[in-house]
Amino acid sequence: MSMSIVSAAPPPLPTTAKSASVVPPATTTANTTQPQRLAFLIDNSRSLDHLLQIHAALLRHGLHHHRILNFKLQRSYSSYGRLRSSVALFNCNSNPTVFNWTALIHDHAHLGVHQQALLYFVQMMGDGIEPNAFTFSSILKSCPLESGKALHCHAVKLGLCSDSYVRTGLVDVYARGGEIVSARRLFDSMPERSLVSLTAMITCYAKHGELKEARAVFDETLERDVVCWNVMIDGYAQHGKPNEALVLFRQMLGAGVRPNEVTVVSVLSACGQLGALELGRWIHSHIKSNGIQMNAYVGTALVVMYSKCGSLEDAILVFKSMNHKDVVAWNSMILGFAIHGSSQCALGTFSAMCRLGVNPNDITFIAILTACSHTGLIKEGWDFFNLMKDKYRIQPKIEHYGCMVNLLSRAGSLEEAYQLVKEMEIQPDAVIWGTLLGACRLHAKTALAEEIAEFLVGKDLANCGTYTLLSNIYAASGDWDGVAKVRTLMKSSGVIKEKGCSSIEVNNRVHEFVAGDKRHPKSREIYLMLEEINAWLKTYNYRAQTDTVLHDLGEEQKEQSLEVHSERLAIAFGLISTEAGTTIRIVKNLRVCSDCHAVTKLISLMTGRKIVMRDRNRFHHFVKGSCSCGDYW
DNA sequence: CAAAGCACTC
């Protein structure tokens with residue numbers, strides 16, 4: 001790797017054992033001057049070690065005051081993340097030029113030290129140094145919308161707006177500030193569109209969920225690099241279109257563009273959303289065999305993917321193998337344990353994290369409170385809630401209250417939960433009310449449910465979940481007038497009930513089912529399997545929980561409607577299309593219904609199969625007739 | 001006599 005340096009015939013350098021191997025003494029006489037050679041060495045240095053040696057040489061040759069070399073050295077230090085060395089070199093310079101200032105600003109902006117970058121910019125102006133296009137393209141990265149607008153004016157006055165780099169920076173400023181129209185206007189008035197400016201525009205749309213617009217610009221972009229693909233793939237992955245993200249990823253591979261760390265992070269996120277474990281494993285091996293760095297992002301993305309795809313074991317393996325675990329990595333592991341119902345492991349991981357000196361943040365407490373709520377740990381829940389406020393000085397957000405309300409109300413302390421909602425200093429949202437309503441159904445508190453529902457409808461806060469839960473509550477008590485009332489309300493309010501949908505991955509393809517679905521090519525075999533299951537259930541004297549059916553039907557019809565629930569179709573398909581003894585993994589978009597939960601337990605007993613089911617809230621691992629949630633969900 | 005803009009995990 002030191003070939004380029006060897007061929008450059010460098011001057012003699014300080015002779016340490018190390019430098020001898022890296023930068024051998026000159027054997028030929030080049031007719032370049034010493035500063036030029038050193039400049040070449042700095043530009044081609046491959047490691048911080050090289051750079052330190054070159055710096056030493058500079059000092060030996062008395063060239064450290066050389067303006068250009070000083071500048072180059074400053075830039076190189078920051079490229080290795082050595083911001084302090086870069087600042088120290090800047091301070092050595094008694095008469096910094098716009099070059100030095102720009103480098104300093106760029107270094108801070110690049111490493112995300114935005115406040116400091118802005119301070120240096122102001123300081124530079126105060127020293128009477130006029131910024132140029134390079135300075136603007138660097139500082140704009142650190143600007144929030146308002147100061148970005150001020151700098152836009154400034155750039156216009158200095159006649160720098162025609163510069164393509166400045167323009168792109170401005171597009172990015174408006175994009176980050178959510179002023180999409182302004183960003184587009186700037187983009188449209190650019191003299192020429194570079195790949196980077198096109199990508200900035202795609203990013204702007206993608207970040208705000210305007211995927212059609214993003215795709216239109218993406219399709220206009222002919223020569224795409226890895227960043228351009230990444231932006232579009234991530235746009236899909238982050239806005240509820242994981243399938244589209246995966247399709248695009250395959251196209252990227254087909255186009256011969258090599259995925260990098262950023263690509264796999266987005267793709268793994270898509271796999272996690274879909275529960276596509278096979279594809280996720282493939283990405284994991286692709287990472288290993290293609291030299292993609294296992295940084296904190298990639299490691300965490302793998303932990304999340306494995307835990308969302310139901311393989312907690314693999315998530316733990318990856319987590320243990322990670323060298324540098326930041327707070328996000330710890331949070332992901334804690335949440336992984338939480339959604340799988342392993343509360344004690346979640347609590348243990350939290351302690352380990354604190355012991356190792358990693359400070360928990362607001363997300364950590366969402367994860368740990370989720371763990372408590374999934375197993376009804378009321379005392380621990382309150383302890384963590386208070387620890388967060390008192391020791392870590394973190395203001396509880398709506399999500400933290402949501403966890404507490406969930407924990408209390410589901411464990412039976414409905415009044416206490418209701419009290420907390422009324423007392424909290426922030427406005428309760430639809431999720432909080434929905435949680436309370438859900439608990440009302442669980443504990444058959446019709447009166448309280450009606451009170452809450454009335455309140456929600458009156459405030460126009462009711463969503464399809466509100467109506468469904470209320471309708472559930474009436475149906476469970478056989479109050480069909482109530483059910484009808486809700487249905488009328490639902491129609492008049494225009495909300496649409498979200499359809500239950502279950503999916504299963506077989507041979508790298510995700511198969512989706514809705515209730516009563518007959519669209520699948522193997523539909524006939526699936527329904528034959530269902531009949532077989534029903535025959536088994538009869539021998540176990542299983543009685544369908546018809547009181548969960550929301551419609552006023554006869555008993556037989558109710559049973560039939562339960563038999564074709566989407567999760568059951570997915571399981572039946574899994575049974576006929578995977579090898580005996582293998583685990584079946586199902587992903588459902590809503591919560592699993594209690595009849596299906598009971599039936600799945602029996603299926604796991606009868607077939608000897610492990611069935612892992614992810615519902616909207618958590619995982620259920622069905623083994624030999626029982627479920628990991630202990631029927632508490 | 002030197003330099004720049006777009007992407008990622010809970």
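Just so we're on the same page: letters track the sequence lines, and every chain starts at 1.
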List the atom of I202(A), the atom of F218(A), and the distance in Å for their closest heavy-atom pair.
CD1-CA, 3.6 Å

Tell me whether the side-chain N or O atoms of S137(A) pair up with the base of dG5(B) as donor and acceptor below 3.5 Å, since no angle test is needed here.
no

Once you apply a heavy-atom cut-off of 4.0 Å, does K207(A) come out as touching a base, just sugar-phosphate, or nothing?
sugar-phosphate

Candidates dA4(B), dA7(B), dG5(B) - which lies nearest the side chain of V196(A)
dG5(B)

Indicate, with a heavy-atom threshold strictly under 4.0 Å, whether N295(A) touches base, sugar-phosphate, or nothing.
nothing

Find the distance D234(A):CG to dA7(B):P and express it as a whole number of Å.
10 Å

What is the separation between atom CE on M388(A) and atom P on dC10(B), rounded to the nearest whole Å?
20 Å

Compute the centroid of each ring, for W101(A) and then for F90(A), and state whether the two points are separated by less than 6.0 Å.
yes

N132(A) CG to dA3(B) P: how many Å, rounded?
13 Å

From C-beta outward on R67(A), which listed nucleotide comes closest to its side chain: dA2(B), dT9(B), dG5(B)?
dA2(B)

Distance-only donor-acceptor test (3.5 Å): side chain S164(A), base dG5(B)
yes

Have a look at A329(A) and say if it touches a base, only the backbone sugar-phosphate, or nothing, with a 4.0 Å heavy-atom cut-off.
nothing

Indicate, with a heavy-atom threshold strictly under 4.0 Å, whether V231(A) touches base, sugar-phosphate, or nothing.
sugar-phosphate

If you only use heavy atoms from C-beta on, which nucleotide in dA7(B), dC10(B), dA3(B) is closest to the side chain of F99(A)?
dA3(B)

Using whole Å, what does the distance between atom P of nucleotide dC10(B) and atom CE of M333(A) come to?
14 Å

Under 4.0 angstrom, heavy atoms only, what part of the nucleic acid is N260(A) near: base, sugar-phosphate, or nothing?
base

Is D188(A) salt-bridged to R193(A), going by a charged N under 4.0 Å from an acidic O?
yes

Using a heavy-atom cut-off of under 4.0 Å over every strand shown, decide if V304(A) touches base, sugar-phosphate, or nothing.
sugar-phosphate

Would you say the ring centroid of F249(A) lies under 6.0 angstrom from that of Y236(A)?
no

According to a cutoff of under 5.5 Å between the ring centres and under 30° between the ring planes, does Y297(A) stack with the base of dC8(B)?
yes

Check: S332(A) side chain, dC10(B) base, donor-acceptor under 3.5 Å
no

When you measure from the side-chain N and O atoms of H106(A) to the phosphate of dG5(B), is any distance below 4.0 Å, counting only OP1 and OP2?
yes

Please classify the nucleic acid contact of Q238(A) as base, sugar-phosphate, or nothing, using heavy-atom distances under 4.0 Å.
sugar-phosphate

Which part of the nucleic acid does L335(A) contact within heavy-atom distance under 4.0 Å: base, sugar-phosphate only, or nothing?
sugar-phosphate

Tell me whether the side-chain N or O atoms of S194(A) pair up with the base of dG5(B) as donor and acceptor below 3.5 Å, since no angle test is needed here.
yes

Under the 5.5 Å and 30° test, is F71(A) stacked on the base of dA2(B)?
no

Could you tell me the separation between the OH atom of Y165(A) and the P atom of dG5(B), rounded to a whole number of Å?
8 Å

Could you go through D362(A) and K397(A), starting from their C-alpha distance and side-chain angles, then the distance that decides it, and tell me whether this counts as salt bridge (Lys or Arg N to Asp or Glu O under 4.0 Å)?
CA-CA 8 Å; D362(A) 56 333; K397(A) 291 188 185 164; 2.7 Å; yes

To the nearest angstrom, the CD1-P distance between I129(A) and dA2(B) comes to 18 Å

Please give, in whole Å, the distance from dA7(B) C1' to I233(A) CD1?
11 Å

Taking CG from D225(A) and P from dG5(B), how many angstroms apart are they, rounded to a whole number?
14 Å

Verify the ring-centre separation between F136(A) and H154(A): is it less than 6.0 angstrom?
yes

Does R75(A) place a side-chain N or O at less than 4.0 Å from the phosphate oxygens OP1/OP2 of dA4(B)?
yes

Are any non-hydrogen side-chain atoms of N132(A) and D163(A) less than 4.5 angstrom apart?
no

